[in-house]
Protein chains: 2
Amino acid sequence: MFLGKIWNIYFLKLLFKQQNWLINYLCAMKVTAYSCDVQSCFLCTLCLPEWLPAINSNKQNRQYKKGEQLFEEGSEASGIYFLYKGVVKVHKRWGEDKQLILHFAKQGDMIGYRGLGNDRRYPVTATALENSIVCFVDIRFFEATLQVNHQLTYSLMQFYANELQAAELRMRNLAHMEVKGRIAEMLLMLQKNFGKNNEGSLNISLSRQDMASYCGTTYETFFRLINELTREGMIQISGKSIKIYLEDKLLALTTSK
Amino acid sequence: MFLGKIWNIYFLKLLFKQQNWLINYLCAMKVTAYSCDVQSCFLCTLCLPEWLPAINSNKQNRQYKKGEQLFEEGSEASGIYFLYKGVVKVHKRWGEDKQLILHFAKQGDMIGYRGLGNDRRYPVTATALENSIVCFVDIRFFEATLQVNHQLTYSLMQFYANELQAAELRMRNLAHMEVKGRIAEMLLMLQKNFGKNNEGSLNISLSRQDMASYCGTTYETFFRLINELTREGMIQISGKSIKIYLEDKLLALTTSK
DNA sequence: GCAAAAATATGATATACATCATGTTTTTAG
DNA sequence: CTAAAAACATGATGTATATCATATTTTTGC
């Protein structure tokens, strides 16, 4: 029955190859059915069972269309988001038309937690790259939750510790690794986080500009370097689908000397 | 009496202008007197008073000479350090002879907390830039402390959140800000964290290589650019002493467009 | 379904920064 | 106190990457 559903969509996709609106419409419908079950996210799994009803009555489900912003850099941090469906980019501005993308958030990811420092404003912007559904938790309620659920606080602390390590690793890479290596690293990250689909390509579709912004470079440089990677047989890229062929060679690009 | 001591050292400094060994020796002696009072650091102020005796019997005072390593990137994370006296750089390797300095730790700073993620190895190296004294707390005891002292856990979580924000800001700057701006930013950071001495220069002395490594650039580029900053009247630098003259102009260099 | 707007492709040119090379000064260690 | 090592200074040269310019293709909105 589930397979039937997939087949159904696949069939429609073939039928209306260019008319993606229908597919999107159908997917959006399916997606609407999803919602927080108050038992599987970072928040719910780490809280005392007695606290779950409180969560249940305080959470809000929200939907965002592709391109819509969840929140913007500099605005007051109103709460924390848990992504149920979709893909969201978390990014920081530089000047008028540049940005560094910090994270491509996927199903299950927490977003907005960077607003929990001393400065209660979001230090980043979050933008939906696909139609997305989130569970929103008000910041005050979240803080109350932390006061009550020590295990959650401890886990969140560890989560931050891991994020900090990752951020500082990327800092070093931005400072010293060449762009080609950073692209290789991003591709491996995407494979790790989003996996491959049945055709063996990365299970996510990003614009080249967004991929470039993740690597901290320009569209043009990114373009030239993925061409090189293609010529060297490490990857293949057509449209928005990317296949990784020589994982070890990519990995080699990410190490020094 | 305290003033007398300072005058004493100042007098000796004049007398033996080049013979710093004596001064250092005397200072080291003075320094040896310092040690944890179990009431002023991040750890002690946030713990329950009942827990302090436990800390007192578990902490270790350690000394490091200039140039000595506290711990090394990749080695097992054995504990957390609190810096009582001295300056310590926290840095990450790249290749044989490059590094990115993440932090110049000063009195009161916590070091080694990056080792508390899932991977229980230090992701960074810590090296003393001056003779330093630290209070060391074993990682297992620290974890037990976290389990007991929820306020400490919460504060540590917030601390990490702030560090993460700072790291991601620097990530963006490494990606998009030009080196001159990053130097300006470092100088302002040094002034904020280490203050000025009675002559108005930054109260810290770093090698140019280390400053360059903090900015994510080479010694040569750093050298040329501080010359520019000097020519433009923003700073003055002689030996290891740096004076900031035009704070607002430096600040302007750190913003886009 | 069509016009407008994004996204993509690609060459030509510019430049910020790294690398190399060499000499001097300062610091360190025995 | 002296030799060796580290830090510092500075020009010459090389290169990775950004910027600009322009044409094509794809996507989006009404």
Side-chain angles (χ1 to χ4, degrees), chain A residues 16-25 65-68 94-100 127 129-131 173-183 205-213 215-228 230-231 237-242 253 256-257, chain B residues 16-25 65-68 94-98 100 127-131 173-183 205-213 215-228 230-231 237-242 253 256-257:
Chain A
F16 299 92
K17 194 147 185 252
Q18 300 288 27
Q19 264 77 31
N20 275 320
W21 65 269
L22 182 56
I23 308 299
N24 286 335
Y25 180 66
K65 276 181 284 185
K66 183 173 176 173
E68 236 182 310
W94 176 253
E96 287 295 292
D97 50 1
K98 285 196 176 180
Q99 50 168 351
L100 179 72
T127 307
L129 295 181
E130 300 175 4
N131 293 341
N173 293 348
L174 283 165
H176 294 305
M177 188 187 285
E178 52 185 26
V179 178
K180 202 167 171 181
R182 301 209 297 267
I183 293 175
S205 76
L206 298 168
S207 77
R208 275 132 226 247
Q209 179 59 68
D210 275 347
M211 289 192 275
S213 294
C215 299
T217 188
T218 58
Y219 166 81
E220 292 94 325
T221 297
F222 180 80
F223 168 78
R224 289 178 235 282
L225 290 173
I226 54 168
N227 279 355
E228 275 190 33
T230 303
R231 246 179 282 128
I237 186 164
S238 76
K240 299 227 159 147
S241 121
I242 304 173
L253 286 178
S256 56
K257 273 259 173 55
Chain B
F16 298 92
K17 197 149 182 244
Q18 299 289 25
Q19 263 79 32
N20 276 319
W21 65 268
L22 181 56
I23 307 300
N24 287 336
Y25 180 64
K65 276 180 283 182
K66 183 174 175 170
E68 236 183 309
W94 177 254
E96 287 296 292
D97 51 1
K98 284 194 175 184
L100 179 72
T127 307
L129 296 181
E130 300 175 5
N131 293 341
N173 293 348
L174 284 165
H176 293 306
M177 189 186 285
E178 52 185 25
V179 178
K180 203 167 170 182
R182 301 209 297 267
I183 293 175
S205 75
L206 299 168
S207 78
R208 275 132 225 249
Q209 179 59 68
D210 275 346
M211 289 191 275
S213 294
C215 299
T217 188
T218 57
Y219 165 80
E220 292 94 326
T221 297
F222 180 81
F223 168 77
R224 289 178 236 282
L225 289 173
I226 54 168
N227 277 357
E228 275 190 34
T230 303
R231 246 180 282 126
I237 186 165
S238 75
K240 299 227 161 148
S241 123
I242 304 174
L253 286 177
S256 56
K257 271 259 175 58

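Excluded from the calculations below are hydrogen atoms, water molecules and symmetry mates; all remaining heavy atoms, backbone and side chain alike, are included. Every chain is numbered from 1 and lettered A, B, ... according to where its sequence line falls, protein lines coming before strand lines.
- Listed nucleotides D:dT28, C:dT28, C:dT19 differ in distance to B:Lys66; the shortest reach to its side chain belongs to C:dT28.
- Heavy atoms of B:Lys180 sit nowhere under 4.0 angstrom from any nucleic acid atom.
- Here the CZ atom belonging to B:Arg231 is positioned 9.5 Å from the CG atom belonging to B:Leu225, to the nearest 0.5 angstrom.
- Here the closest non-hydrogen pair linking A:His176 and B:Lys98 is ND1-CD, 3.8 Å.
- What separates CG of A:Leu206 from P of C:dA7 is a distance of 12 Å, to the nearest Å.
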Atom pairs, N/O to N/O, protein against nucleotides 9-14 of chain D, distance under 3.5 Å?
unit_1: D:dA9; atom_1: OP2; unit_2: B:Arg208; atom_2: NH1; d: 2.9
unit_1: D:dG11; atom_1: N7; unit_2: B:Arg224; atom_2: NH1; d: 3.3
unit_1: D:dG11; atom_1: O6; unit_2: B:Arg224; atom_2: NH2; d: 3.4
unit_1: D:dA12; atom_1: N6; unit_2: B:Arg224; atom_2: NH2; d: 3.4

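- Regarding B:Leu225, its CG atom lies at a distance of 16 Å from the C1' atom of D:dC8, rounded to whole Å.
- Residue A:Leu174 comes nearest to B:Ala175 through the heavy atom pair CD2-CB, 4.1 Å, listed as atom of the first residue, atom of the second, then distance.
- When all heavy atoms are compared, the tightest approach of A:Ser256 to B:Gly95 is OG-N, 3.0 Å.
- Distances shown here put every side-chain N or O of A:Lys65 at or beyond 4.0 Å from the OP1 or OP2 atom of D:dT28.
- Rounded to whole angstrom, the span from the CD atom of A:Glu178 across to the C1' atom of C:dC17 amounts to 14 Å.
- Across B:Asn173 and B:Arg182, no two heavy atoms sit closer than the pair O-CD, 3.7 Å.
- Residues A:Lys240 and A:Thr221 each lie close to DNA chain D; by heavy-atom proximity, the contact nearer the 5' end of the strand is made by A:Thr221.
- In this entry the distance linking CD of A:Glu228 with C1' of D:dA16 reads 11 Å, nearest Å.
- The interatomic distance linking A:Trp94 (CH2) with D:dA18 (C1') rounds to 15 Å, in whole Å.
- Minimum interatomic distance between A:Leu129 and A:Lys66 (heavy atoms only, all atoms of both residues): O-CG, 3.3 Å.
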Pairs under 3.5 Å (N/O, protein and nucleotides 22-25 of chain D):
none

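- Shortest non-hydrogen contact noted between A:Leu206 and A:Lys240 is O-CD, 3.6 Å.
- Between the CD atom in B:Glu220 and the CD atom in B:Gln209 there is a gap of 8.0 Å [rounded to 0.5 Å].
- Across the protein-nucleic acid pair, B:Ile242 atom CD1 and D:dC8 atom P stand 10 Å apart, rounded to whole Å.
- The residue among B:Thr217 and A:Ser207 whose nearest nucleotide of DNA chain C is located toward the 5' end is A:Ser207.
- For the pair A:Leu174 CG and C:dC17 P, the interatomic distance rounds to 15 Å; values are reported in whole Å.
- In this structure, A:Phe222 places its CZ atom 14 Å from P of C:dT10, rounding to the nearest Å.
- No donor-acceptor pair under 3.5 Å is formed between the side chain of B:Arg208 and the backbone N or O of B:Tyr219.
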